Trainee: 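Take a look at this one; I'll ask things after.
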Amino acid sequence: MPELPEVETIRRDLTPRIVGRTVVEAWVSPDAPRLVQSETPESFCRRLAGRAVEELDRRGKYLLLRLDGGLTWIVHLRMTGGLIHLPAGRHDLPPPKADGTRNDCPDERYLRARFRLDDGGELCYVDLRKLGTMWLVADESSVVGKLGPEPLGEAFDPQEMRRLLAKRSAPVKSVLMDQHAVAGIGNIYADESLFEAGIRPTKAARRLSRVAAERLHWAIRKVLVEALADRGSSFRDYVDAEGEQGMYQLRVKVFRRTGEPCYVCGTAIKRIKVGGRSTHYCPKCQR
DNA sequence: CGTTACCTGAAA
DNA sequence: TTTCAGGTAACG
């Protein structure tokens with residue numbers, strides 16, 4: 001579900017609500033045996049209880065909750081995970097909606113873990129597909145050590161963009177989505193960035209000209225900054241830490257616009273598979 | 001390098 | 001019934 005703009009939105013919203021708070025009790029559903037990767041759920045809950053959250057950071061699509069005592073609680077939401085904060089006095093997620101609307105994932109059916117805080121608030125982890133993962137580790141690099149640069153960071157400059165495209169014979173879209181190349185771009189923002197740069201997703205990464213690589217660098221930053229300003233995209237499941245939707249889905253130019261006219265040239269947007277993922281592009285604007 | 005498994009539920 | 005879904009690791 002969430003890519004960099006969604007995870008960063010959650011990080012920003014959660015920061016004032018949980019930094020300085022202590023986890024007084026942790027619970028992991030027996031129905032989610034794969035959620036905790038670093039140890040058994042029992043051990044995880046025991047070690048987490050009593051720890052204060054000192055800092056909330058993000059690397060790629062990972063949330064890093066730095067705790068007192070030198071441990072880091074790392075969360076990856078994968079496809080349908082979400083973290084919902086309930087302030088003091090509210091202890092229940094909404095019940096399933098009767099009308100069958102799809103943006104209802106943070107309901108009680110999909111509650112997989114909960115974390116009670118010392119101010120009476122609560123952090124709820126919801127995940128329909130149960131693909132999300134958590135770790136409690138002393139060494140963060142054991143989890144996030146091999147990620148590529150942050151696309152909005154200083155280390156990601158046009159030269160770095162060219163360097164990471166060079167020597168890769170895979171389609172440029174697959175390289176953009178490779179978290180070891182650059183961290184945080186997923187299916188939506190890969191398609192949108194390639195449209196913005198006028199590059200065909202299937203083009204071999206190493207075949208991009210210098211100018212094209214530099215345009216792509218600029219496009220990635222533009223798309224991510226705008227998506228962040230819109231608090232991410234909510235196509236089906238994604239909601240922020242308060243259960244609210246993002247707005248960028250209203251601004252996408254190609255993602256899930258199959259058959260609709262390109263806003264630039266009017267040509268019908270095409271959908272193909274690249275690296276097993278649905279890929280959307282304008283056959284005229286993107287060469 | 002591309003493909004498949006991991007999960008659940010909605011849409012085609 | 002089959003396909004598809006904001007992701008990733010483990011395959012061959």
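Every chain is numbered from 1, with letters handed out A, B, ... down the list of sequences. All figures in this text were calculated on a predicted structure; none of them were measured in a lab.
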Trainee: Assert yes or no for the condition that the ring centre distance of A/Phe235 to A/Phe255 is strictly below 6.0 Å.
Mentor: yes
Trainee: At under 4.0 Å, does any side-chain N or O of A/His76 touch on OP1 or OP2 of C/dT8?
Mentor: yes
Trainee: Which of these nucleotides, B/dG9, B/dC1, B/dC6, is closest to any side-chain atom of A/Ala170?
Mentor: B/dC1
Trainee: So, is A/Lys130 close to the B/dC6 phosphate, meaning a side-chain N or O under 4.0 Å from OP1 or OP2?
Mentor: no
Trainee: Considering just the side-chain nitrogens and oxygens of A/Tyr238, establish if one lies under 4.0 Å of OP1 or OP2 belonging to C/dA5.
Mentor: no
Trainee: Rounding to an integer number of angstrom, what distance separates C/dC4 and B/dT4 when you compare their P atoms?
Mentor: 13 Å
Trainee: Classify the side-chain pair A/Ser234/A/Tyr248 by whether it contains a donor and acceptor separated by less than 3.5 Å.
Mentor: no
Trainee: Using a 4.0 Å heavy-atom cut-off across all strands, classify A/Gly276 as base, sugar-phosphate, or nothing.
Mentor: nothing
Trainee: Are OP1 or OP2 of B/dC7 and a side-chain N or O of A/Thr80 less than 4.0 angstrom apart?
Mentor: no
Trainee: Rounding to an integer number of Å, can you tell me how far A/Asp191 CG sits from C/dG7 P?
Mentor: 10 Å
Trainee: Sticking with atom P, work out how far B/dT3 lies from C/dT3, rounded to a whole angstrom.
Mentor: 16 Å
Trainee: How many Å lie between CD on A/Gln37 and P on C/dA9, as a whole number?
Mentor: 10 Å
Trainee: Base, sugar-phosphate or nothing for A/Tyr189? Non-hydrogen atoms, less than 4.0 Å.
Mentor: nothing
Trainee: Counting only side-chain nitrogens and oxygens, does A/Gln179 get under 4.0 Å of the OP1 or OP2 atom of C/dT8?
Mentor: yes
Trainee: Among B/dC6, C/dG7, B/dC1, which nucleotide sits nearest the side chain of A/Ser169?
Mentor: B/dC1
Trainee: Taking the side chain of A/Pro171 as its heavy atoms from C-beta onward, which of B/dG9, C/dT8, B/dG2 lies nearest to it?
Mentor: B/dG2
Trainee: Rounding to an integer number of angstrom, what distance separates B/dC7 and C/dA10 when you compare their P atoms?
Mentor: 15 Å
Trainee: Please classify the nucleic acid contact of A/Lys273 as base, sugar-phosphate, or nothing, using heavy-atom distances under 4.0 Å.
Mentor: sugar-phosphate
Trainee: Please assess A/Lys130 against A/Asp31 for the test salt bridge (charged side-chain N to carboxylate O under 4.0 Å, His left out), listing each intermediate value before the final yes or no.
Mentor: CA-CA 9 Å; A/Lys130 300 195 280 195; A/Asp31 192 40; 3.3 Å; yes
Trainee: Watson-Crick or G-U wobble partner for B/dT8, using a 3.5 Å limit on both distances?
Mentor: C/dA5
Trainee: Once you apply a heavy-atom cut-off of 4.0 Å, does A/Thr133 come out as touching a base, just sugar-phosphate, or nothing?
Mentor: nothing
Trainee: What contact category does A/Ser174 fall into here, base, sugar-phosphate, or nothing, at under 4.0 angstrom with non-hydrogen atoms?
Mentor: nothing
Trainee: Are A/Arg231 and A/Tyr238 in a cation-pi contact, defined as NZ or CZ under 6.0 Å from the six-membered ring centre and within 45° of the axis?
Mentor: no
Trainee: Passes side-chain hydrogen bond (donor to acceptor under 3.5 Å, both in side chains), A/Arg257 versus A/Tyr263? Steps please.
Mentor: CA-CA 11 Å; A/Arg257 292 197 62 242; A/Tyr263 295 131; 3.2 Å; yes
Trainee: Is the shortest heavy-atom distance from the side chain of A/Leu4 to the side chain of A/Pro151 under 4.5 Å?
Mentor: yes
Trainee: Check whether any side-chain N or O of A/Arg34 sits under 4.0 Å from OP1 or OP2 of B/dC7, and answer yes or no.
Mentor: yes
Trainee: With a non-hydrogen cut-off below 4.0 angstrom, is A/Tyr62 in contact with a base, only sugar-phosphate, or nothing?
Mentor: sugar-phosphate
Trainee: Closest approach to the side chain of A/His180, judged atom by atom: which nucleotide of B/dC1, B/dC7, C/dA9 is it?
Mentor: C/dA9
Trainee: Report the nucleotide, chosen from C/dA5, C/dT8, B/dC1, that has the shortest atom-to-atom distance to any side-chain atom of A/Arg168.
Mentor: B/dC1
Trainee: Would you classify A/Arg277 as touching base, sugar-phosphate or nothing, given that sugar-phosphate means primed atoms plus P, OP1 and OP2, and contacts are heavy atoms under 4.0 Å?
Mentor: base
Trainee: With sugar-phosphate meaning primed atoms plus P, OP1 and OP2, does A/Arg256 contact a base, only sugar-phosphate, or nothing at under 4.0 Å between heavy atoms?
Mentor: base
Trainee: Think A/Arg236 has a side-chain N or O under 4.0 angstrom from the OP1 or OP2 of B/dT8?
Mentor: no
